[in-house]
2 protein chains.
Amino acid sequence: MSKKAPIDTRGNIIDTAIPLFAGNGYSGVSVRTIAKLVGISAAALYHHFPDKQSLYLAAMEQAFADKAQAIIKTLTGPENAWGRLDAFLADFIQLMGEDADFRALLQRELLDGDDARLQLLAEQVFREPFEAVSVLMHEINPDIDSHLMAISIAGLVLFHFDSAPIRRFLPGGEQTHDQTDVVFEHIQSLLHQALSRD
Amino acid sequence: MSKKAPIDTRGNIIDTAIPLFAGNGYSGVSVRTIAKLVGISAAALYHHFPDKQSLYLAAMEQAFADKAQAIIKTLTGPENAWGRLDAFLADFIQLMGEDADFRALLQRELLDGDDARLQLLAEQVFREPFEAVSVLMHEINPDIDSHLMAISIAGLVLFHFDSAPIRRFLPGGEQTHDQTDVVFEHIQSLLHQALSRD
DNA sequence: GTCTATAGCCTGATAGAC
DNA sequence: GTCTATCAGGCTATAGAC
């Protein structure tokens, strides 16, 4: 594809920055720290990005890239509504469970993101799958507010992973409780009950 | 109660620090900024707290104080199980909806808290109500894993508020969708369906 | 494209007067 | 209990050599 597969310093910087920003937040990571981990000086980093904000934005875009597409496929598959719900749930839970950086960056954006960044995030990542989930919810049970239900599903999945650090100190908190298959089975049966039309 | 109701500088510092830490995170707030807002110098602040970490911890304890007790009352009330679930939901949603600082500090602790702080938070705030919810879940439907269900309820409630910043940019996002009564009605009917024994 | 050196500012924290 | 002055070091970002 590209001309000669040169050593991609810019890409290295972004890949190094993603877990750092995810773990420590924007103001918790210095340009020096990122540069040192990449193996270059801070001044060299400024050759690839005009400022820290731009680097952060590039790291975000990289971390969020292609997440939407993977989900949408299963949401618009050939199966019936319940089958698509299960397939979506499995994929969504799998994706969230394996990418802690994505979850952390999302939570940090919800806490600290300005309107411009949040709008970008909404339109380039969440809008399409969110709308597809809403449509699916309406198809399964039109009596339920599909927007509220889509939010509920996201909250359910995310919190089973995001709560892991504190669950260790709560009664009955077992290690299995944030394994993707355990979370899937729980949320699946919860939603099947909740969405079934009497 | 206390001796003479003196001007409580220490309390002022904490009350000033809470919304700042909630909004900007630990490393996003400087001691100088807090001091300036209180109306004293940074050096004066260090007369009341040995270091920034201690101030942060004191602010956390203040922000989380008494939250647990308010919830536990409704969980152990005289009503039947479904009545207690509804009462708990109403109180929990009300409490989370009105205290954005609490939610932000909790999310930030889940992201950045070390083991010691998380353990403190778990034991002094969440353990009791969490256990009470678990017991209630088991009473309502013993076929469901009560620990997973308690986590699910927390995730449901929290995310309906925490997602507000990005919901504005998603289709069908109306302002009413994070009003406490709308959230309550949605989660209540969702849980009634999900927990009912066939 | 990377380096060293550095400007200019902000940081947490302290010393000592009042 | 609060102040001014200050320290030592970290921060983002730039200048200029190679």
Side-chain angles (χ1 to χ4, degrees), chain A residues 2-62 105 108-109 111-114 116-117, chain B residues 2-62 105 108-109 111-114 116-117:
Chain A
S2 64
K3 311 181 189 182
K4 260 171 56 174
I7 294 154
D8 183 10
T9 305
R10 194 190 139 95
N12 286 345
I13 295 170
I14 290 176
D15 292 342
T16 304
I18 287 174
L20 288 173
F21 282 133
N24 305 97
Y26 181 80
S27 54
V29 182
S30 74
V31 175
R32 279 168 159 81
T33 302
I34 299 168
K36 185 172 285 179
L37 258 153
V38 173
I40 60 175
S41 69
L45 189 148
Y46 278 93
H47 176 79
H48 300 274
F49 300 93
D51 53 30
K52 189 186 176 182
Q53 280 278 353
S54 303
L55 164 56
Y56 179 73
L57 209 68
M60 286 252 308
E61 281 172 13
Q62 170 85 259
L105 288 172
R108 292 192 190 281
E109 280 305 304
L111 286 165
D112 301 323
D114 57 33
R117 281 213 308 264
Chain B
S2 66
K3 313 181 186 179
K4 260 171 57 175
I7 294 155
D8 182 11
T9 305
R10 192 189 140 96
N12 286 345
I13 295 170
I14 290 176
D15 291 342
T16 305
I18 286 174
L20 288 174
F21 282 134
N24 304 97
Y26 182 79
S27 55
V29 182
S30 73
V31 175
R32 279 170 160 83
T33 302
I34 299 168
K36 184 171 284 178
L37 258 153
V38 174
I40 59 174
S41 68
L45 189 148
Y46 277 93
H47 176 80
H48 300 276
F49 300 93
D51 52 32
K52 189 186 177 185
Q53 279 279 353
S54 304
L55 164 56
Y56 179 73
L57 208 67
M60 286 252 307
E61 281 172 13
Q62 169 86 258
L105 288 172
R108 292 193 191 279
E109 280 305 304
L111 286 165
D112 301 322
D114 57 33
R117 282 214 307 265

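Here the structure is a predicted model, which is why all the values come from computation and not from measurement. What you see below is based on every heavy atom in this structure, not just the backbone, and it leaves out hydrogens, waters and symmetry mates.
- Side-chain proximity of H48(B) to dC11(D), dG1(D), dT11(C): nearest is dG1(D).
- When rounded to the nearest whole Å, the span between CG of D8(A) and C1' of dT2(C) equals 16 Å.
- In summary, R108(A) and D112(B) engage in a salt bridge, as defined by a charged side-chain N under 4.0 Å from a carboxylate O.
- The CG-P distance, from L55(B) to dG12(C), rounds to 10 Å in whole Å.
- In this entry the distance linking CZ of F49(B) with P of dG12(C) reads 15 Å, nearest Å.
- At whole-Å resolution of the value, CG in L45(B) and C1' in dT4(D) are 16 Å apart.
- You'll find the side chain of I18(A) stays beyond 4.5 Å of the side chain of M60(A), heavy atoms only.
- Computed from coordinates, the K36(B) NZ to dT2(D) P distance equals 17 Å when rounded to whole Å.
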Do nucleotides 13-18 of chain C as a string where each nucleotide becomes B, S or -: B if the base has a protein heavy atom under 4.0 Å, S if just the sugar-phosphate does, - if no protein is that close.
-> BBB---
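- Rounded to an integer number of Å, the gap from I40(A) CD1 to dA13(D) P is 15 Å.
- At dT2(D), one or more side-chain N or O atoms of T9(B) fall inside 4.0 Å of OP1 or OP2 (strictly under the cut-off).
- Checked by atom type and distance alone, the side chain of K36(B) never pairs as donor or acceptor with a backbone atom of V31(B) at under 3.5 Å.
- Within the model, atoms CG of L55(A) and CZ of F21(A) stand 4.5 Å from one another, a figure rounded to the nearest 0.5 Å.
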Output, in order, the C-alpha distance, side-chain angles, deciding distance and verdict of side-chain hydrogen bond (donor to acceptor under 3.5 Å, both in side chains) for N12(A) and T9(A).
-> CA-CA 5 Å; N12(A) 286 345; T9(A) 305; 5.3 Å; no
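- Of the candidates dC3(C), dG1(D), dG1(C), dG1(D) carries the atom nearest the H47(B) side chain, counting heavy atoms from C-beta on.
- For Y56(B) and dG12(C), the OH to C1' distance is 17 Å, given to the nearest whole Å.
- The phosphate of dC3(C) has OP1 or OP2 within less than 4.0 Å of a side-chain N or O from S41(A).
- For dC11(D), the OP1/OP2 oxygens have a side-chain nitrogen or oxygen of S30(A) closer than 4.0 Å.
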